[in-house]
Amino acid sequence: MDSEQITKCMKALCDPKRMEIFRMLANGKLCACKILEKFDMTQPTLSYHMKLLSDAKLIVVEKDWKWSYYSIDKNTFDSMIQYFQDFNF
């Protein structure tokens with residue numbers, strides 16, 4: 001993962017709501033409706049947050065008829081961890 005992609009991921013996670021959504025997804029795949037239950041926001045606002053996380057490749061979405069299920073993209077997350085572990089302090 002390069003610096004540009006890391007920056008995109010970090011920007012996506014810098015919002016407290018998106019960070020909390022990401023944390024929720026650490027427990028496994030969730031339907032958008034379950035995520036929405038935890039926040040005081042509209043469905044379009046949730047969609048906006050999910051799009052930013054998806055565009056940063058932090059999450060993946062699976063469509064099942066009218067439902068969307070979200071989960072963490074483990075490859076991206078592992079690449080982020082490796083990027084920071086490569087720092088030599």
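Index from 1, following the sequence.
From Leu52, atom CG reaches atom CZ of Arg18 across 5.0 Å, with rounding to the nearest 0.5 Å. From Asn75, atom CG reaches atom CG of Leu58 across 12.0 Å, with rounding to the nearest 0.5 Å. The CG atom of Leu53 sits 11.5 Å away from the CG atom of Asp73 when rounded to the nearest 0.5 Å. Here the straight-line distance linking atom CD1 of Ile59 with atom CZ of Phe22 works out to 9.0 Å at 0.5 Å rounding. Note that OH of Tyr70 and CG of Leu25 are 9.5 Å apart. Values are rounded to the nearest 0.5 Å. Between atom CE of residue Met50 and atom CD1 of residue Ile35 there is a gap of 4.0 Å, rounded to the nearest 0.5 Å.
Grouping the Ile, Leu, Val, Met, Phe, Trp and Tyr side chains by contacts below 4.5 angstrom, directly or via other members, places Leu13 with Val61. Val60 and Leu30 sit in two unconnected hydrophobic clusters of ILVMFWY residues. Membership requires side-chain heavy atoms under 4.5 Å apart, directly or through other members. Note on Phe77: it clusters hydrophobically with Met19, by side-chain heavy-atom contacts below 4.5 Å among ILVMFWY residues.
Ser79 places no side-chain N or O within 3.5 Å of a backbone atom of Met1 that could act as its donor or acceptor partner.
The shortest distance between side-chain heavy atoms of Cys14 and Met10 does not fall below 4.5 Å.
For the side chain to side chain donor-acceptor pair (under 3.5 Å) condition, no pair includes a residue of residues 4-13, sequence neighbours left out. Note on residues 27-56: pairs passing salt bridge (charged side-chain N to carboxylate O under 4.0 Å, His left out), not counting sequence neighbours, are Lys29-Glu62, Lys34-Glu37, Lys51-Asp55.
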Under 3.5 Å, side-chain donor or acceptor atoms of residues 81-89 against the rest of the protein: list the pairs with distances, not counting sequence neighbours.
from  : atom 1 : to    : atom 2 : distance (Å)
Gln82 : NE2    : Asp86 : OD1    : 2.6
Tyr83 : OH     : Ser3  : OG     : 2.9

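Scanning both residues, Leu46 and Ala32, for their nearest heavy atoms gives CD2-O, 3.5 Å. When all heavy atoms are compared, the tightest approach of Cys9 to Ala56 is SG-O, 3.4 Å.
Counted within 6.0 Å of CZ on Phe39, heavy atoms from surrounding residues, nucleotides or ligands total more than 12; the atom is thus considered enclosed. The 12-atom threshold is exceeded at OH of Tyr69, counting heavy atoms of other residues, nucleotides or ligands nearer than 6.0 Å.
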